[in-house]
Protein chains: 2
Amino acid sequence: MSERHRRARREEVERNDEALLRAARAVFSEDGAHASVASIAARAGVGIGTMYRRYPTKDALLQHLCRLSLEEYLAAAQAGLADPDPWGGFAHYLTAAVLCGTGTLGSIAGTVAVTDEMADLSARGDAVASEVVERARKAGVLRPDINDVDVVLLIEQLGRSPLVEQVVRHGRTDLVDAAERARERLIRVALDGLRAEPAEPLPGPPPEWALFTERWRRRDAEPGSSGR
Amino acid sequence: MSERHRRARREEVERNDEALLRAARAVFSEDGAHASVASIAARAGVGIGTMYRRYPTKDALLQHLCRLSLEEYLAAAQAGLADPDPWGGFAHYLTAAVLCGTGTLGSIAGTVAVTDEMADLSARGDAVASEVVERARKAGVLRPDINDVDVVLLIEQLGRSPLVEQVVRHGRTDLVDAAERARERLIRVALDGLRAEPAEPLPGPPPEWALFTERWRRRDAEPGSSGR
DNA sequence: AAGATGCGGAGCGGATCGCTCCGCACAACT
DNA sequence: AGTTGTGCGGAGCGATCCGCTCCGCATCTT
């Protein structure tokens with residue numbers, strides 16, 4: 001086999017893999033973990049066999065997807081921390097985290113087996129994100145009654161986009177752009193609500209990490225109190 | 001049959017019906033429209049047969065649920081308009097709409113057949129809500145670059161509570177209260193972000209009602225441009 | 001022409017779902 | 001006590017769907 005041909009094949013394979021991952025993320029986030037592999041393959045425009053040659057099982061695909069998402073999340077937090085401006089870094093972290101759809105996979109967590117690598121990525125991401133939030137609050141640009149957990153919850157809440165999903169489901173692909181722009185406006189609204197000097201303090205005590213217990217935790221680990 | 005006994009029976013039936021509806025709403029909002037009727041009956045603590053005696057089909061149950069939700073949404077908007085304070089009314093409308101879970105059923109819209117009554121309720125709810133938003137904006141308490149559609153989208157976005165769902169799915173019922181309190185904090189954050197005098201204007205043009213085309217619209221109606 | 005390689009999708013066994021239908025518990029009448 | 005009426009629970013049926021296998025085919029190399 002010629003070298004040129006082999007390279008062309010490799011490229012096609014990569015293209016297929018990318019399409020597969022994009023389709024899988026979209027389908028899983030819309031329909032949940034119970035989405036069928038056939039629908040993913042169809043959306044990616046590849047055959048089922050091709051997909052199974054790359055991922056030996058549906059769980060493997062899910063795990064790979066989760067790992068990628070967790071990596072994106074960690075990268076978003078690190079980029080935010082790299083920004084010298086506390087508010088700019090925070091805003092970047094939040095926006096990137098929402099758009100990359102980490103929250104999208106929250107509904108899958110618990111369905112897929114959590115590997116050590118996933119648990120580690122999650123812990124590191126949360127740690128860096130916590131630093132970004134803490135720095136913004138200490139700089140006085142973030143309202144003082146806001147928690148790092150609050151922020152994670154907000155990201156999760158904004159992560160899914162029911163409107164975009166529904167527009168797609170109805171086949172109105174012409175509206176997708178408008179729907180996504182609308183969501184970005186909402187992110188900005190949330191950011192404005194997070195700025196310092198709020199009209200009145202938030203009700204109740206700030207949430208605790210315990211809310212995320214068992215999220216990206218190994219199954220065999222005893223259920224402790226801290227999700228960090 | 002005695003009168004006392006008949007009344008006791010009636011009460012039990014109503015209790016069952018209420019439990020059924022609550023369970024159905026919870027299950028459908030968590031798992032989507034594909035959730036099984038068996039799981040709903042189990043969650044409500046009644047047999048499948050009992051459920052089918054009340055609702056002749058799964059679709060009937062879904063339709064009833066949608067109607068109730070749309071009624072709650074209309075009531076929330078009307079209550080908001082009844083409040084003489086423009087901001088207070090707006091805040092009440094938004095909070096009530098989010099908590100009653102109208103957005104929860106957004107994922108179901110499109111799966112269930114839309115009746116005339118549902119279309120009518122939706123249109124009236126949107127009209128009243130639009131009035132509440134407009135009044136707040138004209139009073140200068142709502143940021144001027146915000147739309148009524150923006151608000152509806154925000155409600156939809158905050159409507160589902162992935163955290164609460166996941167906590168429940170993991171069986172950590174002891175955390176449900178904390179999760180819901182955390183969500184209420186986020187609603188407040190969003191409200192603060194909607195107040196007048198924002199740091200900088202929102203990006204892009206405000207969204208249009210066309211985004212909701214075909215949402216609660218009769219199927220046979222031609223796809224027009226306005227969802228109002 | 002013959003071989004190599006990777007792709008698409010028909011189809012299999014099993015799981016699940018909507019729904020039916022029947023046995024049973026319990027109270028009211030006789 | 002026996003009979004009738006009423007509403008409940010859940011086993012189970014046919015249909016559907018899903019994860020996964022496996023084989024025929026298209027394409028390219030030699």
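Proteins come first, then strands; the chains are lettered A, B, ... in the order of their sequence lines, and each starts at number 1.
- Of the inter-residue distances, the one linking B/S122 atom OG with B/E71 atom CD reads 12.5 Å to the nearest 0.5 angstrom.
- Taking atom CG on B/L62 and atom C1' on C/dG18, their separation rounds to 12 Å, with Å as the unit.
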Nucleotide N/O to protein N/O under 3.5 Å, stretch nucleotides 11-17 of chain D:
none

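- Between A/M51 atom CE and C/dG9 atom C1' the separation is 14 Å, expressed in whole Å.
- A straight line from NZ of A/K58 to C1' of D/dG19 spans 8 Å, rounded to a whole angstrom.
- Between the CG atom of B/D17 and the C1' atom of D/dG7 there is a distance of 15 Å, given to the nearest Å.
- At distances below 3.5 Å, not a single donor-acceptor pair connects side-chain atoms of B/E180 with backbone N or O atoms of B/V164.
- Backbone-only engagement by A/A35 is indicated by non-hydrogen atom pairs under 4.0 Å involving sugar-phosphate atoms exclusively.
- Taking atom CG of A/L61 as the reference point, atom C1' of D/dC18 lies 15 Å away to the nearest angstrom.
- Atom-to-atom, CG of B/L20 to P of D/dG9 comes out at 10 Å; the value is rounded to the nearest Å.
- Dashed line: the shortest gap from a side-chain N or O of B/T57 to OP1 or OP2 of C/dG18 is not under 4.0 Å.
- Listed pair B/T50 / D/dG7 fails the phosphate criterion, with no side-chain N or O lying under 4.0 Å from OP1 or OP2.
- With sequence neighbours excluded, the residues forming a side-chain contact (heavy atoms from CB on, under 4.5 Å) with A/H92 are A/A79, A/A96, listed by chain and number.
- Set against C/dG8, D/dG9, D/dC20, the side chain of A/Y52 has D/dC20 as its closest nucleotide.
- Under the rule for a side-chain contact (heavy atoms from CB on, under 4.5 Å), the partners of A/A38 that lie at least two apart in sequence or sit in another chain are A/S36, A/I48.
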